[in-house]
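Order of the sequence lines sets the chain letters (A, B, ...), proteins ahead of strands, with each chain counted from 1.
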Number of protein chains: 2
Amino acid sequence: MNMRSASTEDVTAAARIRDAAITRFGEHGYDGTSLRDIARDAGVSAALVMHHFGSKDGLRQACDEWLVAELMGEKAKSSAPAIADSLRGWLDSPEQFRPFIDYFATMLAAGGDGGNRLFDRLLRETAAMLDDGVANGTMQPSADPEMRAIMITLNGLAPLLLRDQLTRVLGSSIASVAGIRRMTVPTLELYTHGLYTDSSVLDAARIALEGTVETGGTLRSDKGPGNPNQDPDPPRSVLDHSP
Amino acid sequence: MNMRSASTEDVTAAARIRDAAITRFGEHGYDGTSLRDIARDAGVSAALVMHHFGSKDGLRQACDEWLVAELMGEKAKSSAPAIADSLRGWLDSPEQFRPFIDYFATMLAAGGDGGNRLFDRLLRETAAMLDDGVANGTMQPSADPEMRAIMITLNGLAPLLLRDQLTRVLGSSIASVAGIRRMTVPTLELYTHGLYTDSSVLDAARIALEGTVETGGTLRSDKGPGNPNQDPDPPRSVLDHSP
DNA sequence: CACTCGACTGAACAACTGTTTAGCATCATG
DNA sequence: CATGATGCTAAACAGTTGTTCAGTCGAGTG
């Protein structure tokens, strides 16, 4: 686990600028940060930022690339998942790596080349992990493995993107190890026993989806307004579109 | 299901300004949008925006409150979950409600009073749904119901916050009904059968967490560097902190 | 009618934005 | 020594920002 840049300090002005930019971009966003803010944090003039990075967007790209390299750094190490491991390393001492976590989250949410590359890599790692698990017999197969990998990747990133809400509803605790750790059991419960006690909801959704055609328009398995056989309104997750 | 403001047009200048602001804030963010942009979209002068909303931040608050009211509108209707239903309504025709979806996502991610209220409400709805399910016998109990409700709420919101990444990896399809609908089966698979075929990972995590004390510092169930009984390295989700 | 009040505007304001320019040290190399 | 990079800065530039102000228009009211 490498935590260079956070302990071994790179003291060149360019590095200080980059670090200050990552912190401020992660905290206040790209548009919410001015070059002069960054320069002040780094103890340099605004002109030097231009000198080293060409433009504000150039600085952003440099930050993106630095963070991508930091997260994918252990590429040499066989074919083991790299990003997920690096992320777990960060989350083991969240207070120390908070700036990187913040910037990583904004990168993913904002899109852009760096964020896209990170997401793709993360998705590929997840998909590979799932494929291995299915081959192993340790994981359930899926009717739509690609989409399942996407959903599980999204689920894994959700606490990162909504870390402020998470911190708030958890009281004061999170961005701390204890808070993050508390997510382990409920997550593994879900991934082990699921949520429902039987497969009726899944079965119902499968049957309903069979009758629909993918037209791209509004496709619903409309039972008709007068049909008494309407949905028994099972508890559903927000984005669950089972009819 | 009410879709007023999107079909029944409120043509007053203030409403046009508000709609334009929601669209632009959702698309380019608060800092990335100028009052003159909004005014141009609404066909008015920038000064009128100030006249009606006092300041740019006042406009934001008005947008927040309008969207909160829109999402919680059906409060009168018994105690049935309201926000989740409204959201599902939006997601049934995502192209029509895209501006609201975008703004909703940025509200949640940015925090602020409106976003917090929405998240809290959503969390309460989810927790209630889970409690009902457990009481019903249709859902599994949890060792940490509060945290489980949080995690499931986060999971439900993830596709909203990362909708751009979702759109990208799914090809061109999403923000369409078909794309969203494709998430149904993998999600319900996970919620029905879980991911793992047995409970070994969960069991291992439980045992390991028993031995840790919540000090607030770095708490790990360190088996010692020479101990051969180390983690068998099971496949783990990104944020899964099972040791 | 006069008078008020709200919706609305163009023009201006000061502050801030990213960027440019000219120039100052420093230091290695010929 | 001169030469030329290199790291760095103060000052200025042009454009945009949120906001203010004075004032126009029209509808309603006494």
Side-chain angles (χ1 to χ4, degrees), chain A residues 5 8-67 103 106-107 110-115, chain B residues 5 8-67 103 106-107 110-115:
Chain A
S5 73
T8 308
E9 302 221 40
D10 186 349
V11 288
T12 68
R16 282 192 341 259
I17 293 171
R18 197 223 305 114
D19 289 350
I22 287 177
T23 301
R24 277 211 114 98
F25 286 161
E27 228 168 294
H28 306 99
Y30 180 76
D31 289 316
T33 304
S34 79
L35 283 185
R36 287 170 176 83
D37 289 337
I38 296 169
R40 197 178 318 115
D41 287 357
V44 300
S45 69
L48 189 65
V49 180
M50 302 298 297
H51 176 67
H52 279 303
F53 299 96
S55 69
K56 188 185 182 184
D57 197 72
L59 175 57
R60 184 205 341 228
Q61 280 174 245
C63 292
D64 283 10
E65 275 158 32
W66 184 88
L67 202 121
Y103 190 78
T106 68
M107 271 180 78
D113 189 56
Chain B
S5 77
T8 308
E9 301 223 37
D10 186 351
V11 288
T12 68
R16 276 184 355 250
I17 292 171
R18 196 224 306 115
D19 288 352
I22 287 177
T23 301
R24 278 210 113 100
F25 286 160
E27 229 168 295
H28 306 97
Y30 180 75
D31 288 316
T33 303
S34 78
L35 283 185
R36 287 170 177 81
D37 289 337
I38 296 169
R40 198 179 318 114
D41 287 358
V44 300
S45 69
L48 188 65
V49 180
M50 302 297 298
H51 176 66
H52 278 302
F53 299 95
S55 69
K56 189 186 180 184
D57 196 72
L59 175 58
R60 189 218 319 243
Q61 280 174 247
C63 291
D64 283 10
E65 275 157 34
W66 184 87
L67 202 120
Y103 190 77
T106 69
M107 272 181 77
D113 188 57

Checklist entry - Nearest heavy-atom pair of Asp31(A) and Lys56(A): which atoms, and what distance? => result CA-NZ, 4.4 Å
Checklist outcome for this item: In terms of heavy-atom contacts, Met107(A) and Gly115(A) come closest through CE-N, 3.5 Å
Next on the checklist: Between P on dG18(D) and CZ on Arg24(B), what's the gap in Å once rounded to a whole number?
Outcome noted: 12 Å
Checklist entry - For Ala13(B), which contact category applies under a 4.0 Å heavy-atom criterion: base, sugar-phosphate, or nothing? => result sugar-phosphate
Next on the checklist: Rounding to an integer number of Å, can you tell me how far Asp37(B) CG sits from dT17(D) P?
Outcome noted: 6 Å
Next on the checklist: Tell me whether the side-chain N/O atoms of Ser34(A) come closer than 4.0 Å to OP1 or OP2 in dC16(C).
Outcome noted: no
Checklist entry - Mind checking whether Asp113(B) and Gln61(B) have side chains closer than 4.5 Å, heavy atoms only? => result no
Checklist entry - Are side-chain heavy atoms of Ile17(A) and Leu59(A) found at a separation under 4.5 Å? => result yes
Checklist entry - Which atoms form the tightest heavy-atom contact between Thr106(B) and Gly26(B), and what is the distance? => result CG2-O, 3.9 Å
Item to check | Nearest-Å distance for atom pair CD1/P, residues Ile17(B) and dG18(D) | outcome: 14 Å
Checklist outcome for this item: Quick note, ring-ring contact (aromatic ring centres under 6.0 Å, His included) partners involving residues 11-34 of chain B, not counting sequence neighbours, are Phe25(B)-Tyr30(B)
Next on the checklist: If the condition is side-chain contact (heavy atoms from CB on, under 4.5 Å), which residues does Ala20(B) pass it with, not counting sequence neighbours?
Outcome noted: Ile38(B), Asp41(B), Ala42(B)
Checklist outcome for this item: Leu35(B) CG to dT17(D) P, in whole Å, measures 9 Å
Next on the checklist: Once salt bridge (Lys or Arg N to Asp or Glu O under 4.0 Å) is applied, do any residues pair with Arg40(B), and if so which ones, sequence neighbours excluded?
Outcome noted: Asp37(B)
Checklist entry - Given atom CE of Met50(B) and atom P of dG18(D), what is their separation to the nearest angstrom? => result 9 Å
Item to check | Arg16(B) CZ to dC8(C) C1', straight-line distance once rounded to whole Å | outcome: 11 Å
Next on the checklist: Using a 4.0 Å cut-off on heavy atoms, which residues in residues 52-62 of chain A reach DNA chain D? List them by number, or say none.
Outcome noted: His52(A)
Next on the checklist: Check Arg16(A) with Asp19(A), please: is the shortest side-chain N to carboxylate O separation under 4.0 Å?
Outcome noted: no
Listing time: all N or O pairs from protein to nucleotides 23-27 of chain C that are below 3.5 Å?
none

Checklist entry - Below 4.5 Å, heavy atoms only, C-beta onward: do Thr23(A) and Tyr103(A) meet side chain to side chain? => result no
What pairs of nitrogen or oxygen atoms, one from the protein and one from nucleotides 9-12 of chain C, lie under 3.5 Å apart?
from	atom 1	to	atom 2	distance (Å)
dT9(C)	OP2	Ser45(B)	N	2.9
dT9(C)	OP2	Ser45(B)	OG	3.0
dA12(C)	N6	Arg36(B)	NH2	3.3

Checklist entry - Ala14(A) and Phe53(A): which non-hydrogen atoms are nearest, and at how many Å? => result O-CZ, 3.6 Å
